[in-house]
Amino acid sequence: MEQSSNNLQQNQEEVDLGQLFNAIGNFFYKVFQFIGKILFGLFLGLVWLVFFIKKHILIFVAVVVSGFVFGLIKENLGDPIYKSTVLIQQNYDTGKNLYGLIDFYNELIKNGDAEELSQQLGISEEQAEKIRGFDVSSTLNENDKLKLYDEYVQSIDSSTASHIDFKTFVRNSNDSDFKIQSIDFYFSEKGLSKPALNSIIKKIESIEYFKDLQKRDLGELEAEENSLKESLERSDSLQNVYKKVLIEQASNKSGSQTSVTIDNTSKDNGTKEYDLYLNDIELRKQLVEIQREKEDLSHIIEVVSSNQDASTLYYKKDLFGKSISLPIFYSIVFTLVAFVILLILAFLNFLERYKNKIE
């Protein structure tokens with residue numbers, strides 16, 4: 001009886017294992033079957049697209065040529081667009097305000113509100129109507145971002161830095177955070193970028209928060225500079241004292257050939273004088289650094305370089321985040337529009353045939 005019971009238990013375990021393997025096999029079979037259906041559907045869609053384009057190839061060729069010709073006409077006969085580029089340095093964290101202000105101006109241009117735009121920029125309404133847009137972006141490349149990442153990692157503790165890689169740093173950084181920014185101006189007439197730039201800088205620098213922050217920073221630097229100057233004056237006074245002592249000791253030695261110095265006073269004074277000399281060098285170095293920092297912070301936003309007086313003709317459009325020439329731009333746009341129209345017509349034709357089959 002005991003042996004029969006053991007055999008029965010063994011058979012049940014084998015049945016359970018068999019059912020488990022069957023379930024696992026069925027699961028993977030369904031998964032692969034599902035993936036196969038998706039791939040097959042994609043393949044059929046690709047085949048259909050190829051035949052669809054082949055069927056209307058003449059239409060697409062005509063549309064591409066028409067778009068290209070239209071772009072050439074726009075380049076040669078349309079209103080000229082002039083582009084000026086200015087590089088600025090943000091000495092304070094003004095990036096979000098700068099980007100927000102540029103977006104606000106572009107929204108006014110989009111809505112055709114030349115009156116409000118002229119008031120914002122401090123120019124005439126006629127000049128405001130000739131503004132076509134603004135653009136602001138960071139000029140940093142991957143190497144520059146790597147340098148900033150290294151500086152950031154060195155500024156935090158090692159345990160935190162171990163959890164932040166370069167991709168995470170870039171992903172969590174905004175273009176507006178970086179100090180150097182490039183502002184592009186687009187106008188239908190030359191000579192308008194300078195007043196527009198001056199207005200943008202004035203708007204940012206008039207924000208009370210940055211004015212107060214600048215005042216506090218310059219005040220702290222001024223106090224630190226005065227403290228260093230006082231230390232330098234004391235050091236100079238001490239050096240004069242040590243020089244006087246050394247001169248007196250030298251005079252005493254020359255006047256009395258039999259005197260013996262046993263306390264090394266002369267040596268100590270010379271050492272202290274040299275230490276004070278090194279300290280003076282360090283203090284003067286700090287003063288130079290403070291002066292440079294004061295000059296930087298004297299401007300909330302500073303113009304680094306500008307070609308405002310050398311505006312260039314700009315015949316390009318942005319598409320999918322890239323600037324392309326007008327002929328190529330209109331060729332792509334016309335082709336996409338034609339594809340959508342033909343696709344809608346094909347769908348309507350399919351519905352009509354399906355309706356006839358039902359009836």
Side-chain angles (χ1 to χ4, degrees), residues 86-98 138-141 143-161 164 166 169 173-174 176-182 201-202 204-250 264-306:
V86 177
L87 290 181
I88 64 169
Q89 176 174 299
Q90 303 179 109
N91 295 322
Y92 289 88
D93 190 16
T94 60
K96 290 182 175 59
N97 300 82
L98 176 64
S138 168
T139 61
L140 296 183
N141 54 33
N143 289 333
D144 295 328
K145 292 179 180 179
L146 276 172
K147 292 179 182 178
L148 290 176
Y149 171 70
D150 290 336
E151 294 176 1
Y152 174 74
V153 169
Q154 293 174 8
S155 66
I156 60 178
D157 58 273
S158 57
S159 60
T160 304
I164 303 176
F166 176 69
F169 172 77
S173 300
N174 296 318
S176 61
D177 296 334
F178 302 118
K179 292 187 68 174
I180 305 298
Q181 298 287 330
S182 173
I201 294 177
K202 186 177 179 181
I204 299 297
E205 292 186 334
S206 65
I207 299 175
E208 288 298 326
Y209 170 76
F210 296 118
K211 289 170 66 177
D212 293 340
L213 191 61
Q214 183 188 41
K215 184 178 179 180
R216 292 197 297 269
D217 289 344
L218 291 176
E220 290 176 2
L221 290 172
E222 188 72 26
E224 188 176 352
E225 183 180 28
N226 292 333
S227 177
L228 288 173
K229 286 180 178 179
E230 290 178 5
S231 299
L232 193 58
E233 289 176 0
R234 294 195 193 98
S235 179
D236 289 340
S237 299
L238 284 173
Q239 283 192 69
N240 291 330
V241 170
Y242 286 129
K243 287 179 182 177
K244 186 177 180 181
V245 170
L246 290 174
I247 292 173
E248 290 178 354
Q249 288 177 346
N264 289 327
T265 303
S266 153
K267 181 178 180 182
D268 289 343
N269 288 338
T271 302
K272 290 178 180 178
E273 185 185 9
Y274 181 69
D275 290 340
L276 285 172
Y277 173 74
L278 295 179
N279 185 59
D280 281 0
I281 294 177
E282 183 62 29
L283 290 175
R284 295 182 190 279
K285 181 180 178 183
Q286 292 180 27
L287 283 173
V288 171
E289 291 175 353
I290 289 176
Q291 186 61 36
R292 174 62 183 272
E293 193 171 353
K294 284 174 62 179
E295 291 175 358
D296 289 341
L297 296 183
S298 62
H299 299 283
I300 295 176
I301 290 182
E302 192 172 2
V303 177
V304 178
S305 66
S306 170

Could you work out, with salt bridge (Lys or Arg N to Asp or Glu O under 4.0 Å) as the rule, every residue matching [X], not counting sequence neighbours?
X    : result
K211 : E208
D93  : none
R292 : D296

Who passes side chain to side chain donor-acceptor pair (under 3.5 Å) against [X], sequence neighbours left out?
X    : result
N97  : none
T94  : Q90
E302 : none

With a 3.5 Å cut-off and sequence neighbours excluded, list the donor-acceptor pairs that the side chains of residues 217-224 form with protein atoms.
| unit_1 | atom_1 | unit_2 | atom_2 | d |
| --- | --- | --- | --- | --- |
| D217 | OD2 | Y92 | OH | 3.3 |
| E222 | OE1 | K294 | NZ | 2.8 |

side-chain contact (heavy atoms from CB on, under 4.5 Å) partners for S182, two or more places apart: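 S182: side-chain contact (heavy atoms from CB on, under 4.5 Å) contacts with T85, L87, S137, T139, D184.
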Residues which pass side-chain contact (heavy atoms from CB on, under 4.5 Å) with S138, listed by chain and number, not counting sequence neighbours: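 S138 satisfies side-chain contact (heavy atoms from CB on, under 4.5 Å) with L140, D175, F178, Q181 only.
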Note, D177 side chain near K96 side chain (heavy atom, < 4.5 Å): yes
Distance (rounded to the nearest 0.5 Å) between I201 CD1 and I204 CD1: 9.5 Å
Donor-acceptor contact below 3.5 Å, side chain N91 vs main chain L297: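 Answer holds: no.
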Candidate pair I207 and I300, rule side-chain contact (heavy atoms from CB on, under 4.5 Å), full reasoning: CA-CA 10 Å; I207 299 175; I300 295 176; over 6 Å; no
